[in-house]
K.L.:
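I am attaching a structure below and will ask some questions about it afterwards.
All values below were derived from every heavy atom in this structure, side-chain atoms included, with hydrogens, water molecules and symmetry-related copies excluded. Per chain, numbering begins at 1; letters A, B, ... match sequence-line order.
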Amino acid sequence: MKQTTLWARMLRLTAILALTVTSAANARLPVFEALDSASGHPTRFAQCPQFFVDGKPPAIPASPKLRELCYEAFAILHSGETRTPVYVAQRLNRQTIEDADEKRATKFFADARLPRGERAELEDYKRSGYSRGHMAPAGDMPTPTAMAQSFSLANMVPQDIQHNGGAWAKIEQDTRRYIRRAKGDVFVITGPVFTPESPRIGNNGVGVPAYLFKLVYDQHDNRAWAHWQENREGERVGRPITYEELVKRTGVEFLPRLVVSQLN
DNA sequence: CGGCGGGCAATG
DNA sequence: CATTGCCCGCCG
């Protein structure tokens with residue numbers, strides 16, 4: 001008898017703990033609440049044009065489950081269909097990289113700004129065999145708030161564990177190394193690519209991308225290139241592809257045409 | 001080789 | 001939640 005009582009207590013405690021966890025995670029991110037209450041709806045890119053070249057976000061065909069989310073140091077176009085980002089945009093420069101020395105705060109959380117029917121939950125990734133792979137990397141974040149926000153699952157895709165810690169991590173570090181030596185702003189857009197055969201994980205069916213890309217545009221030098229990686233173990237860092245090739249493969253024009261016409 | 005940076009899971 | 005220990009790959 002005593003044992004069942006103990007079990008009941010522990011279960012209750014666990015439930016309370018889970019609730020506390022959720023609210024505490026959100027409470028620690030006051031920026032989210034401020035943006036939400038101010039607008040009354042999920043944030044729009046109009047509120048954070050600074051992350052896009054000439055303030056112009058890439059045009060994506062309309063879809064009911066696409067949502068635009070602004071964060072302190074990046075912006076996300078999120079898909080409620082795959083429950084992942086479509087792309088994540090950043091504007092970086094030497095200064096932001098020098099500021100990116102925050103201690104890594106590994107606290108992943110489901111993004112409360114997204115409806116439950118559209119977002120990934122921690123449970124979806126747990127024991128899925130895939131890691132939670134940042135699109136905007138934690139290592140890029142210039143402030144503690146930005147660091148915390150980067151752990152939103154809205155910024156994640158299910159990524160092969162070896163790829164995430166291997167070739168992909170190297171690409172992230174190479175990109176930071178490049179920006180550290182850049183003369184002006186560098187715009188980076190990172191995202192997943194799915195195929196009809198792409199698997200899904202968890203009760204919510206979070207999409208597992210077949211490929212990941214990272215587009216880098218150096219505004220000062222008018223140069224752009226992209227890394228294109230298969231989301232698999234054993235993938236190596238290859239030679240970057242051209243912007244045109246990226247557009248061909250994704251069907252998305254990420255940069256304003258005027259800018260593209262002037263690329264070196 | 002050790003340090004670092006990308007993660008994971010178990011425990012209180 | 002926080003803490004801890006662990007894995008792995010890359011780099012100097």
Side-chain angles (χ1 to χ4, degrees), chain A residues 3 6-30 32-33 73-74 84-85 88 90 92 96-112 120-181 188 190-192 201-202 206 208-209 211-214 227 229-240:
Chain A
Q3 297 239 337
L6 190 60
W7 267 113
R9 279 187 167 184
M10 286 191 66
L11 284 173
R12 207 156 44 211
L13 187 63
T14 307
I16 292 168
L17 214 57
L19 286 172
T20 311
V21 164
T22 308
S23 53
N26 294 336
R28 197 173 291 103
L29 302 160
F32 291 179
E33 310 303 334
F74 54 92
T84 67
V88 181
Q90 300 169 268
L92 302 164
T96 65
I97 295 298
E98 282 174 6
D99 290 343
D101 55 0
E102 308 302 324
K103 192 178 169 202
R104 187 178 174 89
T106 317
K107 292 193 210 356
F108 296 90
F109 61 96
D111 205 307
E121 304 288 347
L122 294 170
E123 198 55 33
D124 293 324
Y125 282 86
K126 202 155 285 180
R127 287 178 295 279
S128 68
Y130 290 90
S131 65
R132 298 165 290 198
H134 282 70
M135 294 295 90
D140 285 358
M141 298 301 149
T143 68
T145 300
M147 169 65 81
Q149 291 180 350
S150 82
F151 282 84
S152 165
L153 292 188
N155 185 39
M156 305 290 159
V157 302
Q159 189 173 1
D160 176 87
I161 296 175
Q162 281 78 18
H163 183 239
N164 194 6
W168 191 250
K170 180 165 163 41
I171 286 171
E172 292 177 339
Q173 284 154 21
D174 287 349
T175 304
R176 280 195 287 275
R177 194 176 320 170
Y178 175 85
I179 297 168
R180 209 172 282 125
R181 297 171 50 240
V188 179
T190 312
I201 60 168
V206 180
V208 180
Y211 305 94
L212 299 180
F213 67 86
K214 184 179 285 290
H227 286 281
Q229 293 265 292
E230 215 175 315
N231 182 21
R232 66 172 182 88
E233 183 176 358
E235 182 72 330
R236 303 290 188 85
V237 179
R239 191 169 141 275

K.L.:
Donor-acceptor pair, distance only, cut-off 3.5 Å: does the side chain of D160(A) make one with the backbone of N231(A)?
P.N.:
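Side chain of D160(A) to backbone of N231(A), a donor-acceptor pair under 3.5 Å: no, none is there.
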
K.L.:
Which of the following nucleotides, dG6(B), dA9(B), dA2(C), is nearest to the side chain of K107(A)?
P.N.:
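Nearest to the side-chain atoms of K107(A), counting from C-beta on, is dA2(C).
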
K.L.:
Rounded to whole Å, please give me the gap between CZ in R177(A) and P in dC10(C).
P.N.:
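Taking CZ of R177(A) and P of dC10(C), I get 13 Å after rounding.
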
K.L.:
Round to the nearest Å and state the distance from I161(A) atom CD1 to dG9(C) atom C1'.
P.N.:
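Checked: the CD1 to C1' distance equals 13 Å.
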
K.L.:
Check every strand shown and say whether Y125(A) touches a base, only sugar-phosphate, or nothing at a heavy-atom separation below 4.0 Å.
P.N.:
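Here Y125(A) touches no strand at all.
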
K.L.:
Could you tell me whether Q159(A) contacts a base, only the sugar-phosphate backbone, or nothing, with contacts defined as non-hydrogen atoms closer than 4.0 Å?
P.N.:
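Answer is nothing: Q159(A) stays at 4.0 Å or more from every strand.
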
K.L.:
Could you state the CZ-P distance from R232(A) to dG9(C), rounded to the nearest angstrom?
P.N.:
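Going from CZ in R232(A) over to P in dG9(C) covers 14 Å.
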
K.L.:
For R236(A), which contact category applies under a 4.0 Å heavy-atom criterion: base, sugar-phosphate, or nothing?
P.N.:
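Contact class for R236(A): none.
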
K.L.:
When you measure from the side chain of S131(A), which nucleotide among dA2(C), dC8(B), dG6(B) comes out closest?
P.N.:
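Of the options given, the side chain of S131(A) lies nearest dC8(B).
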
K.L.:
Write down the distance between NZ (K170(A)) and C1' (dG5(B)), rounded to a whole number of angstrom.
P.N.:
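From K170(A) NZ to dG5(B) C1': 13 Å.
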
K.L.:
To the nearest Å, give me how far apart CD (Q162(A)) and C1' (dC8(C)) are.
P.N.:
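Rounded to whole Å, this separation is 7 Å.
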
K.L.:
Just to verify, what does T143(A) make a side chain to side chain donor-acceptor pair (under 3.5 Å) with, not counting sequence neighbours?
P.N.:
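T143(A) satisfies side chain to side chain donor-acceptor pair (under 3.5 Å) with E72(A) only.
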
K.L.:
Whole-Å distance between dC8(C) P and R132(A) CZ?
P.N.:
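The answer, rounded to whole Å, is 18 Å.
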
K.L.:
Whole-Å distance between dC10(C) P and W168(A) CH2?
P.N.:
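For the pair W168(A) CH2 and dC10(C) P, the rounded distance is 15 Å.
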
K.L.:
Donor-acceptor pair, S131(A) side chain versus Q159(A) backbone, under 3.5 Å?
P.N.:
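Side chain of S131(A) to backbone of Q159(A), a donor-acceptor pair under 3.5 Å: yes, one is there.
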
K.L.:
Would you mind telling me which of dA9(B), dG5(B), dC8(B) lies closest to the side-chain atoms of F108(A)?
P.N.:
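Minimum distance to the F108(A) side chain belongs to dC8(B).
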
K.L.:
From dG6(B), dA9(B), dC8(B), pick the nucleotide closest to the side chain of A169(A)?
P.N.:
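Within the option list, the nearest is dG6(B).
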
K.L.:
Ignoring hydrogens and angles, tell me if any N or O in the side chain of E235(A) forms a donor-acceptor pair with the backbone of E230(A) under 3.5 Å.
P.N.:
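Side chain of E235(A) to backbone of E230(A): a pair is present.
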
K.L.:
So with a 6.0 Å cut-off around CZ of F151(A), is the heavy-atom count from everything else above 12?
P.N.:
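Enclosed.
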
K.L.:
Could you state the CG-C1' distance from D101(A) to dG3(B), rounded to the nearest angstrom?
P.N.:
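Answer to the nearest Å: 17 Å.
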
